[in-house]
Amino acid sequence: MTETEHPRLVRAAYTDSVITVYQAYPPEIAGPALRAGTFVAPFKRERMTWIKPSFLWMMYRCGWARKPGQERVLRVEIDRAGFEWALAHSALSHFQSGVHTDRDEWRAQVAESPVRVQWDPDRSVRLEPQPWRAIQVGLSGEAVTRYVDDWIVGMSDVTELARSVHSAVLAGKMEDALALLPAERPYPLPEPLRRRLGADG
């Protein structure tokens with residue numbers, strides 16, 4: 001286990017070839033992306049774009065698809081080799097002893113890496129903090145190009161799913177809400193990636 005207070009676990013829905021991540025956008029970005037099967041204008045490649053394997057962390061971030069600019073939730077299936085390329089070319093958003101020898105090593109990694117990794121408390125179906133941390137992966141530069149042009153193999157709109165889960169939660173039908181959730185499980189990180197990310201086994 002890392003020195004952090006809570007274990008860091010990559011949990012996701014995945015198959016032998018793809019892993020599911022989530023993003024939330026306004027309709028003017030989500031609509032063209034769904035039609036094209038990847039991100040197109042007005043999506044801006046020059047901005048960092050954050051992908052999240054945890055459905056409930058995405059719900060926390062977008063407020064069940066009700067926050068302005070995050071009204072459409074997209075489920076994006078990406079190539080696992082691409083996902084692992086991103087992790088192999090990532091730097092943690094914050095210095096962590098045990099992962100980095102010193103702050104200079106961490107700063108150098110940040111400077112040369114097109115990907116940021118951030119660990120935040122995962123969320124329950126009530127959006128309460130969980131006792132483990134979920135991964136967010138921020139893509140910039142070459143990583144965005146690879147994501148948009150090469151890694152995406154499927155995309156769908158799960159906004160209605162988000163609203164259905166939220167409605168069940170509001171109605172106190174927790175079993176119904178839980179039954180609707182995507183089935184996520186620990187992702188098998190190769191050992192070099194686990195060490196780079198400060199993740200737990």
Side-chain angles (χ1 to χ4, degrees), residues 4-39 43 48-80 83 86-87 117-139 147 151-189 197 199-201:
T4 52
E5 183 179 351
H6 301 297
R8 297 174 168 192
L9 302 172
V10 178
R11 293 177 56 85
Y14 62 90
T15 68
D16 289 344
S17 58
V18 300
I19 179 171
T20 298
V21 297
Y22 298 94
Q23 296 193 271
Y25 281 106
E28 57 267 27
I29 290 178
L34 287 161
R35 289 191 293 272
T38 190
F39 290 99
F43 175 88
M48 181 169 279
T49 187
W50 290 87
I51 58 176
K52 305 163 182 69
S54 168
F55 179 79
L56 287 174
W57 207 95
M58 183 74 261
M59 295 304 98
Y60 170 73
R61 182 70 182 83
C62 72
W64 299 105
R66 282 174 166 77
K67 286 187 181 178
Q70 300 187 63
E71 303 93 342
R72 299 280 293 278
V73 181
L74 303 181
R75 176 171 55 204
V76 187
E77 309 289 342
I78 65 172
D79 180 70
R80 277 179 60 172
F83 180 69
L87 299 183
V117 162
Q118 191 164 307
W119 294 96
D120 297 283
D122 208 349
R123 298 286 157 167
S124 71
V125 74
R126 290 189 175 92
L127 304 188
E128 299 163 332
Q130 295 283 65
W132 64 84
R133 291 184 180 270
I135 196 170
Q136 287 190 76
V137 183
L139 309 175
Y147 175 59
W151 299 347
I152 295 175
V153 298
M155 185 183 291
S156 56
D157 189 322
V158 291
T159 308
E160 287 308 313
L161 171 63
R163 291 176 178 160
S164 295
V165 176
H166 190 209
S167 294
V169 171
L170 292 176
K173 299 178 179 179
M174 305 313 295
E175 287 189 9
D176 292 348
L178 291 169
L180 291 170
L181 295 177
E184 296 172 0
R185 55 201 169 110
Y187 184 87
L189 285 176
L197 303 173
D200 295 289

Is there a side-chain contact (heavy atoms from CB on, under 4.5 Å) between L189 and L87? Walk through the geometry before answering. CA-CA 10 Å; L189 285 176; L87 299 183; 3.7 Å; yes

Margin query: In the structure I gave you, are the side-chain heavy atoms of W119 and L197 within less than 4.5 Å of one another anywhere?
Written below: yes

Taking every heavy atom of A65 against every heavy atom of T159, the minimum-distance pair comes out as CB-CG2, 4.0 Å

Would you please say whether a donor-acceptor pair under 3.5 Å links the side chains of D122 and W57? no

CG of L181 to CG of D176, rounded to nearest 0.5 Å, is 11.0 Å

Practice task
Mark yes when over 12 heavy atoms from residues, nucleotides or ligands other than K173 sit less than 6.0 Å from its NZ; otherwise mark no.
Solution key: no

Worksheet item: Are side-chain heavy atoms of Y22 and L74 found at a separation under 4.5 Å?
Response: no

So, the side chain of W50 versus the backbone of Q23: is there a donor-acceptor pair under 3.5 Å, distance only?
no

The reported gap from CD1 in I152 to CD in E77 (rounded to nearest 0.5 angstrom) is 10.5 Å

Q) When you check the side-chain N and O atoms of R75 and T20, is any donor under 3.5 Å from an acceptor? A) no

**OP:** Give the intermediate values and the outcome of side-chain contact (heavy atoms from CB on, under 4.5 Å) for residues L9 and Y187.
**Re:** CA-CA 8 Å; L9 302 172; Y187 184 87; over 6 Å; no

As a quick check of understanding, evaluate side-chain hydrogen bond (donor to acceptor under 3.5 Å, both in side chains) for S124 and Y60, giving each step before the final call. CA-CA 9 Å; S124 71; Y60 170 73; over 6 Å; no

Contact check, side chains of L180 and S164, non-hydrogen atoms, under 4.5 Å:
yes

4.5 Å side-chain heavy-atom contact, V18 and D79: no

Is the number of heavy atoms from other residues, nucleotides or ligands under 6.0 Å of R185 CZ greater than 12?
yes

Interatomic distance, CD@E71 vs CD1@I29, rounded to 0.5 Å, equals 10.5 Å

One should read off an interatomic distance between Y147 OH and T38 OG1, to the nearest 0.5 angstrom, of 7.5 Å

In short, A33 meets F39 closest at the heavy-atom pair CB-CD2, 3.8 Å

ring-ring contact (aromatic ring centres under 6.0 Å, His included) filter on W151, not counting sequence neighbours, yields W85

Evaluate the side-chain proximity of L34 to M155: yes if any heavy-atom separation is below 4.5 Å, no if none is. yes

From the list E184, R61, M59, side-chain contact (heavy atoms from CB on, under 4.5 Å) with S54 holds only for E184

Q136 meets the side-chain hydrogen bond (donor to acceptor under 3.5 Å, both in side chains) criterion, sequence neighbours left out, with D120

Taking every heavy atom of P121 against every heavy atom of P129, the minimum-distance pair comes out as CB-CB, 4.2 Å

Taken to the nearest 0.5 Å, the spacing of H6 NE2 from Q130 CD works out to 10.5 Å

Kindly say whether the aromatic ring centers of F83 and Y14 come within a distance under 6.0 Å. no

Please test M174 against V169 for side-chain contact (heavy atoms from CB on, under 4.5 Å), starting from the C-alpha separation and ending with a verdict. CA-CA 6 Å; M174 305 313 295; V169 171; 4.2 Å; yes

In terms of heavy-atom contacts, Y25 and A30 come closest through CB-N, 4.2 Å

d(S156 OG, L161 CG) to nearest 0.5 Å is 9.5 Å

Residues 153-164 vs salt bridge (Lys or Arg N to Asp or Glu O under 4.0 Å), sequence neighbours excluded, gives R72-D157, E160-R163

Nearest heavy-atom approach of C62 to V73 is SG-CG2, 3.9 Å

| request: Would you mind reporting whether I51 and V76 have side-chain heavy atoms less than 4.5 Å apart? | output: no

For D200 and P7, the nearest pair of non-hydrogen atoms, with its separation, is OD2-CA, 3.0 Å

